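One structure is given below, encoded as structure tokens.
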Protein chains: 2
Amino acid sequence: MPWILAVLALSATAAEPTRIDATSLATAAKLRDLALTGSEAHAIVESLTTEVGPRMAGSPNDARAVAWAENKFRELKFDRVYTEPVSFPRWVRRHESAEILTPFPQRLVVTALGASVGTGGKPLEGDVAEYSNLEALKSARAEDVRGKIVYIGNRMQRARDGSGYSPAQAARKEGAAVAARLGAKALLIRSIGTDSDRFPHTGLGVDPDAAKKDPALLAKLPRTRSGIPIVATAIPAAALSNVDADLLQHMLERSKPVRLRLNLDCGFEGEYTSANVIGEITGSERPDEVVVIGGHLDSWDLGTGAVDDGAGVAIALAAAHLLKQNGVQPRRTLRVIAYANEEQGLWGGKAYAAAHAAEVTRHILAAESDFGAERIYRIDSKVGAQALGAIDQMQQVLAPLGIERGDNADAEGPDIRAMGELGVPMVALRQDGTRYFDLHHTANDTLDKIEAKALDQNVAAYVVLAYLAAQADGDFARAPNN
Amino acid sequence: MPWILAVLALSATAAEPTRIDATSLATAAKLRDLALTGSEAHAIVESLTTEVGPRMAGSPNDARAVAWAENKFRELKFDRVYTEPVSFPRWVRRHESAEILTPFPQRLVVTALGASVGTGGKPLEGDVAEYSNLEALKSARAEDVRGKIVYIGNRMQRARDGSGYSPAQAARKEGAAVAARLGAKALLIRSIGTDSDRFPHTGLGVDPDAAKKDPALLAKLPRTRSGIPIVATAIPAAALSNVDADLLQHMLERSKPVRLRLNLDCGFEGEYTSANVIGEITGSERPDEVVVIGGHLDSWDLGTGAVDDGAGVAIALAAAHLLKQNGVQPRRTLRVIAYANEEQGLWGGKAYAAAHAAEVTRHILAAESDFGAERIYRIDSKVGAQALGAIDQMQQVLAPLGIERGDNADAEGPDIRAMGELGVPMVALRQDGTRYFDLHHTANDTLDKIEAKALDQNVAAYVVLAYLAAQADGDFARAPNN
């Protein structure tokens, strides 16, 4: 049965509201309190960041991270541990440097954006054309941009819910394409981050989905040996640390032209097959129905990926492990996924959804931890109306953790987005992201930024969510138009 | 007359307590309040960090910084602007990298210590021998150290008065010498800094004064063409960022040996002659008597030297400029010194004291700003007993700035230390150093860390100090045994 019919069928039969029994609620409360006394999460992220460290998709550490995750699932006594292949074009960073040549020579701290092309084996020089944001660049005249190094100076705003990210990162994901169309020879952006430290923030420099949605463009894209389209930036693209962006702007304010030299040695190199690593706690009554939690195993290469997303992987593993440790077997199967290559285009999440599309109705609920390591303050959902009461029941168990009920409008995580598009119901446990973008995609994303007690609060919330979803009488299925 | 006799003579005749008249006190209060409405200090440090940036002694930017300072003094209408030569061995940093080879390969963020020798044109490899601090290393057995890379893990403690610095930095200044005597092949230290960011803190890796005090050692030191002894580290010496030190320690905790590769390309290269840059506001009544304030013009090379010590230079220049701006001419001359090469052995301060030893009694009072850019909270002094009342008068004008009276025990700054040893009376305006060592000697020492209002408070305090010292009836001379 195609998934859409399955969802319809499920929705149609779900006349009764989904409920959670009192015994399960009491067990969830106990697991919550056990998590708060100290979970495995900090030890897991310490292990990942020490024994593997940075693990950029396709790098030599990708395979080490996969092996680490398989071992960790086994060490934590998951009932079933397996991997599923995830293939993608491999992007490599070798060297990056930038300097101001005139009016005042100074070295700039810079990092290539993911998917950037290099500068062709030698440095590139050009005068800077400055734009305050992507919109300003879009309305620029080609004669002002042609042959220049475009600089986009927009500054990300700090917010608990990370709402400053999306508007600011448009410059990162679309800037190179827009600048290239206007004839620029390279793109530099102010880092998409809320800190004022001398760390540049990397991140994907393209929007691969947009490129693939344009059939004419898609036809022209180069492909890997197995036919995967390669979406690279049209021109070399890099980010300055916020501090260096300030410096450049101070020069632009007093004197023009400002001339830069940029040297990027990076680019795509063949294809790589990594893996989603999956561990399960088998359900006692409905083992073929699964509750999915997880985080992404890959990281960028600059830091050790402690916060993004070692923390998420550790929270999910530790939450499931808490059931094992305490001899609690859920009715449904709890599936923990450490996704491959989230950073360069959500490859792991998409591969998982594609591989499991036929079993989509057996996916009772999905959630993902990928917003750092701070405390959770809210539970949002995207579930069918019949399940709203069950979400409220969960929230009552979460309330002592300081977690309030949010809305039923959106509960996406990057790797569960593709599942969500297939109709899988989702819950989002919202973490405080006030400081997340100080570290995000920088060399400073390291273990010391994580507080064990905050991780434990996350584990407590995830074990409540996962266990209660596995125990619920009824399901969470969304209406097909949701 | 030898200086010691001069000081004695001055002390002997100074029967009357030094006093400051009411008109001068009222003028000082006005200048203080004018500074708080907005001084030139932030614009000066912005200019230095933008137009010159990093200015390590002996680097190409050293000369640019000297030219900048001369221009800035002239631009601010100082009555007299001149330079005095300062020669020293030139140390050059070219490349530095480190990585853990086993048990878990990871790149480490590292910086060579100043005066370090290189690793001989190729990487050096060795197992790590860990010591918790310099004392532990001193009592180590040679057989445990021989052929190893010594790692000293002591962590600097945070304090408002920076009191954690001196005990922690012993590892940096003496570690290489001690490790070399025990047969180590290189030294690595945890950065001497209070942050938990992935920035290594550089700083001098030797104690040049100790080396020069040992005649046998001094005789063996190589010399520059003009005969200046060169004090290099005995073995390659570098600092890990605190984050990387954590990482190394996590590995040392779980598995030994930990094997490292270290590659330092740095070392001494000839001699360089820089300059102390001096600007004066000429005194109206006693122009040959001087009050000296200042900061050091050089910086390390990793950041832009905004806080260390662009701020100090800017505070001193802006304080003196405030007199010019407001048509206030002091009775004595106010001399502002931007010292050369403080970082690599206090060369500028020593050269100044040597050049002016014969005029030491005409140095009424000296102070230096070299502890960052935060607010001043205390005034300490090292003056003769007859001047304590005048210091109290100063403090009363400083009190509205939140500045309390400290003691008369110590008032050193690095560049006025040599003057102090000749008997020049000193005052220290103590800045809040709580966050200073988060940035100190790192790439993150940049303009954005400076708050203009805090700089203005410093300018207000320095203009009060300098003006009232220039106006005082009587002097501040210390007793010879002080």
Side-chain angles (χ1 to χ4, degrees), chain A residues 42-43 45-55 59-61 64-65 68 99-100 102-109 155 195-200 241-255 258 301-306 438-439 442-451, chain B residues 42-43 45-55 59-61 64-65 68 99-100 102-109 155 195-200 241-255 258 301-306 438-439 442-451:
Chain A
H42 192 270
V45 72
E46 193 271 351
S47 166
L48 176 58
T49 55
T50 304
E51 297 162 23
V52 181
R55 47 203 178 275
S59 74
N61 268 12
R64 287 172 61 205
W68 172 90
E99 57 192 305
I100 296 170
T102 57
F104 307 110
Q106 286 212 40
R107 196 177 55 86
L108 296 171
V109 179
R155 192 184 285 270
D195 58 303
S196 191
D197 289 313
R198 208 166 191 183
F199 295 115
S241 84
N242 274 309
V243 166
D244 291 84
D246 291 347
L247 181 62
L248 176 59
Q249 290 186 210
H250 284 292
M251 290 205 199
L252 288 164
E253 279 159 22
R254 47 158 72 57
S255 161
V258 172
D301 50 339
L302 306 178
T304 61
D438 290 348
L439 308 168
T442 72
N444 211 21
D445 177 358
T446 50
L447 181 65
D448 52 292
K449 311 307 183 302
I450 296 182
E451 186 203 341
Chain B
H42 193 270
V45 71
E46 193 271 351
S47 166
L48 177 59
T49 54
T50 304
E51 296 163 22
V52 181
R55 47 202 178 275
S59 73
N61 268 11
R64 286 173 62 205
W68 172 91
E99 56 193 306
I100 296 170
T102 57
F104 307 110
Q106 287 213 40
R107 197 176 54 85
L108 295 171
V109 179
R155 192 184 287 271
D195 59 303
S196 191
D197 290 312
R198 207 166 192 184
F199 295 115
S241 84
N242 273 309
V243 166
D244 291 84
D246 291 347
L247 181 62
L248 177 59
Q249 290 186 211
H250 283 292
M251 291 205 198
L252 288 164
E253 278 160 21
R254 46 158 73 58
S255 160
V258 172
D301 49 339
L302 306 177
T304 61
D438 290 349
L439 308 168
T442 72
N444 211 22
D445 176 359
T446 50
L447 181 66
D448 52 292
K449 311 307 183 303
I450 296 182
E451 186 203 343

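Only a predicted model underlies this, so the values are computations on that prediction, with no experimental measurement involved. Order of the sequence lines sets the chain letters (A, B, ...), proteins ahead of strands, with each chain counted from 1.
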Worksheet item: Residues of residues 241-249 of chain A under 4.5 Å from chain B (heavy atom pairs)?
Response: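 The stretch touches chain B at A:Val243, A:Asp246, A:Leu247.
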
Worksheet item: Do A:Leu302 and B:Arg198 pass the side chain to side chain contact (heavy atoms under 4.5 Å, CB included) test, and can you show the C-alpha distance, the side-chain angles, and the key distance before you say yes or no?
Response: CA-CA 10 Å; A:Leu302 306 178; B:Arg198 207 166 192 184; over 6 Å; no

Worksheet item: With chain B, which of A:Asn61, A:Asp197, A:Val109, A:Thr49 has the greatest number of heavy-atom pairs at distances under 4.5 Å?
Response: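 Ranked by contacts with chain B, first place is A:Asp197.
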
Item to complete: Kindly write out the residues that satisfy salt bridge (Lys or Arg N to Asp or Glu O under 4.0 Å) with B:Asp195, not counting sequence neighbours, or none if the list is empty.
Response: none

Worksheet, complete the sentence: Residue set satisfying salt bridge (Lys or Arg N to Asp or Glu O under 4.0 Å) with B:Arg254, at least two apart, ordered chain then number -> A:Glu46, A:Glu51

Practice prompt. Pick one of side chain, backbone, both or neither for B:Val52, based on which atoms fall under 4.5 Å of a heavy atom in chain A.
Written response: backbone

Worksheet item: Distance-only, no hydrogens or angles: does the B:Gln106 side chain make a donor-acceptor pair with backbone N or O of A:Thr50 under 3.5 Å?
Response: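 Judged by distance alone, yes, a pair lies under 3.5 Å.
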
Fill in: Any donor-acceptor pair under 3.5 Å from B:Asp301 side chain to B:Pro54 backbone
no

Discussion item. Just to verify, what does B:Pro103 make a side chain to side chain contact (heavy atoms under 4.5 Å, CB included) with, not counting sequence neighbours?
Written reply: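 With sequence neighbours excluded, B:Pro103 shows a side chain to side chain contact (heavy atoms under 4.5 Å, CB included) to B:Met251, B:Ser255, B:Val258, given in chain and number order.
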
Practice prompt. Select, from B:Pro60, B:Ser196, B:Gly53, the one with the greatest count of heavy-atom pairs under 4.5 Å involving chain A.
Written response: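 Heavy-atom pairs under 4.5 Å are most numerous for B:Ser196.
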
Worksheet item: What heavy-atom pair brings B:Thr442 and B:Asp438 nearest, and what distance separates the two atoms?
Response: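 In terms of heavy atoms, the two residues are closest at CG2-O, 4.3 Å.
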
